[in-house]
Number of protein chains: 2
Amino acid sequence: MNEQSNLSRREREIMDIIYKFKEATAAQVHEHLPEPPSYSAVRALLKVLEEKGHIMHRQEGPRYIFLPTTPPEEAMNKALKHVMRTFFDNSTEKVVAALLDITEETLSDDDYIRLTQLIERARQEGR
Amino acid sequence: MNEQSNLSRREREIMDIIYKFKEATAAQVHEHLPEPPSYSAVRALLKVLEEKGHIMHRQEGPRYIFLPTTPPEEAMNKALKHVMRTFFDNSTEKVVAALLDITEETLSDDDYIRLTQLIERARQEGR
DNA sequence: CAGGTTGTGCTAAATTTTTAGCATTATTTT
DNA sequence: AAAATAATGCTAAAAATTTAGCACAACCTG
């Protein structure tokens with residue numbers, strides 16, 4: 001018997017793809033899966049994920065379109081919190097520092113301004 | 001044959017614990033594992049992880065102390081990038097916004113100041 | 001409207017993960 | 001130095017995951 005939000009490796013990979021694309025067909029999932037197994041295998045996994053309640057589908061023409069049951073925001077927050085806890089000691093500052101480090105090259109002046117504004121706004125709301 | 005940075009569920013959980021504590025004994029890993037299996041099982045997994053090259057150990061008195069082979073910074077960046085790609089469309093701004101949203105209550109005025117400084121400093125370095 | 005394409009449903013088998021138990025070795029205590 | 005304690009090594013079995021293949025249905029194409 002299985003339960004809980006414990007996902008296997010493949011299941012995790014599939015969920016990631018679905019979250020990334022917001023929703024996806026079996027073909028799309030298959031296409032983006034690293035070291036992809038057969039199409040059949042992907043479909044079987046999608047079925048398992050649906051049975052476990054992690055995704056649902058709607059039919060559109062001939063095919064199924066799968067989307068997560070837990071809303072993106074929630075999954076997002078959970079993922080972020082997990083990384084924060086595991087690697088950053090729950091420190092917002094450390095995460096932001098690492099983030100800036102990673103993306104330094106691609107940020108424009110405007111981007112920096114918007115970031116500063118974000119923080120200022122949060123500060124005002126957070127009281 | 002297996003290879004690559006593909007980790008099973010348990011393996012992932014164990015790596016997270018080791019990263020969180022920087023290094024850990026089998027007993028510590030066991031202690032912090034959610035829905036922990038037997039001590040033996042944990043040790044077997046540690047061995048597998050070592051064989052796969054994800055962790056190494058040094059001996060200290062009677063016991064092994066395990067630590068990751070890839071340095072924390074690298075793993076950190078990788079994890080953060082992954083979350084960014086999967087949930088945040090690779091947008092620094094979106095991540096920071098979510099981050100502030102999550103931690104709003106626990107941030108002091110000083111924290112906000114330091115965050116702003118971080119960004120300002122990154123801006124100056126990034127040119 | 002017949003043929004081809006592109007889907008899904010289902011089932012069974014291979015592989016990997018996950019587990020426990022016992023034997024052995026090292027350390028500490030008395 | 002003997003006993004007790006706390007580790008690890010190893011092996012084999014149980015459970016879960018991952019996979020492929022065939023059958024059938026819906027849609028498109030000429």
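What you see below is based on every heavy atom in this structure, not just the backbone, and it leaves out hydrogens, waters and symmetry mates. Keep in mind it's a predicted model, so treat the numbers as computed, not measured.
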What nucleic acid atoms does A:Ala27 come within less than 4.0 Å of, heavy atoms only: base, sugar-phosphate, or nothing?
->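 Touches nothing.
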Is the distance from OP1 or OP2 of C:dT8 to the nearest side-chain N or O of A:Tyr39 less than 4.0 Å?
->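 For A:Tyr39, the contact criterion (side-chain N or O under 4.0 Å from OP1 or OP2 of C:dT8) is met.
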Phosphate OP1/OP2 of C:dT18 contacted by B:Arg9 side-chain N/O (<4.0 Å) |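 For C:dT18, OP1/OP2 do have a side-chain N/O of B:Arg9 under 4.0 Å.
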Checking contacts here: which listed nucleotide ([options]) is nearest the side-chain heavy atoms of [X]?
| X | options | answer |
| --- | --- | --- |
| A:Arg63 | C:dT19, C:dG7, D:dT18 | C:dG7 |
| B:Lys47 | D:dC27, C:dG9, D:dG9 | D:dG9 |
| A:Ala41 | C:dT19, D:dT19, D:dT8 | D:dT19 |
| A:Ser8 | D:dT17, C:dT17, C:dA20 | D:dT17 |
| A:Ser38 | C:dT19, D:dT19, D:dG9 | D:dT19 |

Over how many whole Å does the gap from [X] atom [atom1] to [N] atom [atom2] extend?
| X | N | atom1 | atom2 | result |
| --- | --- | --- | --- | --- |
| A:Leu45 | C:dC10 | CG | P | 16 Å |
| A:Glu60 | D:dC27 | CD | P | 12 Å |
| A:Leu33 | D:dA20 | CG | P | 12 Å |
| A:Lys52 | D:dA16 | NZ | P | 10 Å |
| B:Asn6 | D:dT17 | CG | P | 16 Å |
| B:His30 | C:dT18 | NE2 | P | 15 Å |
| B:His54 | C:dT17 | NE2 | C1' | 14 Å |
| B:Arg12 | C:dT18 | CZ | C1' | 17 Å |

Ion pair [X]/[Y], N-O distance below 4.0 Å:
| X | Y | value |
| --- | --- | --- |
| B:Glu11 | B:Lys52 | yes |
| B:Glu60 | B:Arg58 | yes |
| A:Lys47 | A:Glu50 | no |
| A:Arg12 | A:Asp16 | yes |

Between B:Ser40 and A:Arg10, which has a closest nucleotide on DNA chain D that is more 5'?
->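 Closest to the 5' end, via its nearest nucleotide, is B:Ser40.
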Please figure out whether B:Phe66 or A:Gln59 has its closest DNA chain D nucleotide nearer the 5' end.
->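 It is B:Phe66, whose closest nucleotide lies nearer the 5' terminus.
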For the base of C:dG7, is there a side-chain donor-acceptor partner from A:Arg43 under 3.5 Å away?
->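 Checked by distance alone, the answer is no.
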Any side-chain donor near an acceptor of the partner, A:Tyr19 and A:Thr70, under 3.5 Å =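 Their side chains do contain a donor-acceptor pair, which is all the 3.5 Å distance test asks for.
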